[in-house]
Amino acid sequence: MNFKKIVVLMGGPSSEAEISRLTGTAILNALQEKGYNAVGMEFVPKTLVEDIKESGCDIVFNAVHGKYGEDGRIAAVLEMIDMPYTSCSVLSSAITMDKVASKHLFRSTGISTPNCLIYRKTDTDRNLVEEIANKFSMPVVVKAASQGSSIGVEIVEKKEDLQKAIDACFEYDDAILVEEFIKGRELSIPVYGNKEKKALPIIEITTNSGRYDYKSKYTKGESFHIIPAPLSEELTAKIQKLCIDACTVADCRGVVRVDVMLSEENIPYVLEINSVPGMTQTSLVPDAANHVGISFGELCEMILQMAIEEK
């Protein structure tokens with residue numbers, strides 16, 4: 001691939017900016033080691049167009065997690081100036097970032113996903129605690145609609161703790177989901193490709209704390225990746241197909257990551273799709289790629305190649 005200059009866009013104002021910079025720096029170093037003329041750029045929303053044009057780049061590697069990077073807004077700006085970029089399209093990014101929108105999409109297309117209730121801040125005059133308690137047994141999972149990296153996610157064990165969790169999640173977003181708690185194994189499956197999609201090996205995640213939260217995700221030694229997950233061939237194929245189907249209905253492209261809970265009855269449930277998955281030293285996608293002989297640098301090149309093919 002012949003690029004005059006690659007900009008690796010990272011950081012920005014979102015709650016995931018710190019992780020974005022780790023991801024962006026890792027990608028930048030890998031591309032430079034491969035001999036590319038790659039530079040890092042801190043994402044500043046107000047000056048993005050000016051900064052990109054002044055850089056002289058001919059492609060943007062989107063490493064911005066969370067707000068702007070995964071919700072389609074950066075993609076929309078780059079589309080308007082006809083600049084190729086990695087990550088999903090505007091609409092696909094918006095849908096996968098919004099847990100309410102993706103929940104509606106999964107339900108309407110038959111993708112297995114946990115049952116849930118959806119609330120907005122305008123609903124807070126109702127007795128949400130009683131509604132949730134009547135619908136689900138405890139524990140339940142309360143999630144802000146548009147956060148990542150396990151930010152704005154609360155697992156509630158007792159009914160009396162529900163209101164506090166609801167209030168905490170509404171601090172992050174105007175919409176929240178309350179999901180049934182799926183007891184079982186936590187899996188993550190990278191999916192790659194534009195029109196024709198394939199899955200990398202299934203990763204099973206275990207942690208010291210028993211919860212795959214922000215600390216477990218980004219602290220070395222706090223979480224462990226079992227690759228491939230110890231599953232039968234039949235169940236492996238079933239889960240990978242489910243993830244490819246979920247990415248197909250969401251019109252994902254490039255490399256994304258699907259988070260899945262596998263119940264004690266071996267029923268897989270799609271939780272969400274990450275359109276800009278982490279690429280840090282503790283991240284899942286590079287681990288799965290490495291297991292099949294794809295180095296970190298080669299993975300970055302694959303992502304760039306898919307962006308050019310789509311363009």
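- Using a 4.0 Å cut-off between a side-chain N of Lys or Arg and a carboxylate O of Asp or Glu, Lys121 and Asp174 qualify as a salt bridge.
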Passes side chain to side chain contact (heavy atoms under 4.5 Å, CB included), His104 versus Phe106? Steps please.
CA-CA 6 Å; His104 286 315; Phe106 294 155; over 6 Å; no
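- No salt bridge links Asp161 with Lys158; every basic N to acidic carboxylate O contact stays at or beyond 4.0 Å.
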Test side chain to side chain contact (heavy atoms under 4.5 Å, CB included) on Ile176 and Phe170 and set out the steps.
CA-CA 7 Å; Ile176 65 170; Phe170 271 133; 3.8 Å; yes
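- Asn62 places a side-chain N or O within 3.5 Å of a backbone atom of Gly69 that can act as its donor or acceptor partner.
- Looking at Glu33, its side chain never comes within 3.5 Å of a backbone N or O of Gly297 through a donor-acceptor pair.
- Both the sub-6.0 Å distance and the 45° axial angle are satisfied by Arg253 relative to the ring of Tyr85.
- Judged by distance alone, the side chains of Glu298 and Ser295 do bring a donor and an acceptor atom under 3.5 Å apart.
- Separating the CE atom in Met302 from the OH atom in Tyr192 is a distance of 5.5 Å, to the nearest 0.5 Å.
- Listed for the Asp287 side chain is no donor-acceptor partner under 3.5 Å among the backbone atoms of Leu284.
- The backbone N or O of Lys4 sits less than 3.5 Å from a side-chain atom of Asp58, completing a donor-acceptor pair.
- Other residues, nucleotides and ligands place more than 12 heavy atoms under 6.0 Å from the CD atom of Glu160.
- Side chains of Glu16 and Ser14: a donor-acceptor N/O pair is absent below 3.5 angstrom, by distance only.
- The environment of Lys135 atom NZ is sparse: at most 12 non-hydrogen atoms of other residues, nucleotides or ligands sit within 6.0 angstrom.
- Here the rule is side chain to side chain contact (heavy atoms under 4.5 Å, CB included) with Val8, and of Ile27, Thr25, Val60 only Ile27 fits it.
- Listed for the Thr86 side chain is no donor-acceptor partner under 3.5 Å among the backbone atoms of Phe61.
- Remark: the backbone N or O of Ile267 is paired with a side-chain donor or acceptor of Ser263 at under 3.5 angstrom.
- Tracing side-chain contacts under 4.5 Å through hydrophobic residues (I, L, V, M, F, W, Y), one never reaches Phe181 starting from Tyr269; they form parts of separate clusters.
- Contact check on Lys241 versus Asp245 returns a salt bridge, with a Lys/Arg side-chain nitrogen under 4.0 Å from an Asp/Glu carboxylate oxygen.
- A distance of 10.0 Å separates CG of Leu299 from CG of Asn290, quoted to the nearest 0.5 Å.
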For Glu70 and Ser93, run side chain to side chain contact (heavy atoms under 4.5 Å, CB included): C-alpha distance rounded to whole Å, both residues' side-chain angles, the deciding distance at 0.1 Å, then the answer.
CA-CA 6 Å; Glu70 290 186 81; Ser93 297; 5.9 Å; no
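- Side-chain contact check for Asn266 versus Leu235: some heavy-atom pair is nearer than 4.5 Å.
- Aromatic ring pairs are classed by plane angle as parallel below 30°, tilted from 30° to 60° and perpendicular above 60°; the pair Tyr68 and Phe43 is perpendicular.
- With rounding to the nearest 0.5 angstrom, the CG atom of Asn274 is 4.0 Å from the CZ atom of Arg257.
- Remark: side-chain polar atoms of Asn37 are not paired, donor with acceptor, to backbone N or O of Phe3 under 3.5 angstrom.
- A donor-acceptor contact shorter than 3.5 Å is absent between the side chain of Glu180 and the backbone of Cys116.
- Of the inter-residue distances, the one linking Cys243 atom SG with Ile239 atom CD1 reads 7.5 Å to the nearest 0.5 angstrom.
- With a 4.5 Å cut-off on side-chain heavy atoms, Lys198 and Val191 do not count as touching.
- Without hydrogens or angle criteria, Thr23 side chain to Met279 main chain gives a donor-acceptor distance under 3.5 Å.
- No side-chain N or O of Asn127 forms a donor-acceptor pair with one of Glu131 less than 3.5 Å apart.
- With contacts defined as side-chain heavy-atom distances shorter than 4.5 Å, the pair His65/Glu18 does not qualify.
- Val153 places a side-chain heavy atom less than 4.5 Å from the side chain of Val141.
- A distance of 4.5 Å separates SG in Cys247 from CD1 in Ile273, rounded to the nearest 0.5 Å.
- Rounding to the nearest 0.5 Å gives a distance of 8.0 Å between CD1 of Ile74 and OG of Ser87.
- Connection of Met138 to Val142 is established within a shared hydrophobic cluster, with ILVMFWY side chains joined at heavy-atom distances below 4.5 Å, either directly or through further cluster members.
- For Ala144 against Asp173, the heavy-atom pair with the smallest separation is CB-CB, 4.0 Å.
- Considering all non-hydrogen atoms of both residues, Pro228 and His291 come closest at CD-NE2, 3.3 Å.
- The nearest pair of heavy atoms linking Ser112 to Pro268 is OG-O, 2.7 Å.
- In terms of hydrophobic clustering, with Ile, Leu, Val, Met, Phe, Trp and Tyr side chains grouped at heavy-atom distances under 4.5 Å, Ile202 and Met261 are assigned to different clusters.
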Please determine whether side chain to side chain contact (heavy atoms under 4.5 Å, CB included) holds for the pair Leu231 and Leu262, giving the CA-CA distance in whole Å, both sets of side-chain angles, and the decisive distance to 0.1 Å.
CA-CA 11 Å; Leu231 304 165; Leu262 182 65; 3.7 Å; yes
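- Listed here is the closest heavy atom pair of Val156 and Leu162: CG1-N, 3.8 Å.
- When each of Glu179, Lys103, Arg107 is paired with Thr113, the side-chain hydrogen bond (donor to acceptor under 3.5 Å, both in side chains) condition holds for Lys103 and for no other.
- Nearest approach of Ser20 to Val64, heavy atoms of both residues: OG-CA, 3.4 Å.
- When all heavy atoms of Lys143 and Lys99 are compared, the closest pair comes out as CD-CD, 3.9 Å.
- Using modelled atom types, one finds a donor on one side chain and an acceptor on the other under 3.5 Å when comparing Ser188 with Asp259.
- Judged purely by atom type and a 3.5 angstrom limit, Ser92 uses its side chain to pair as donor or acceptor with the backbone of Ala250.
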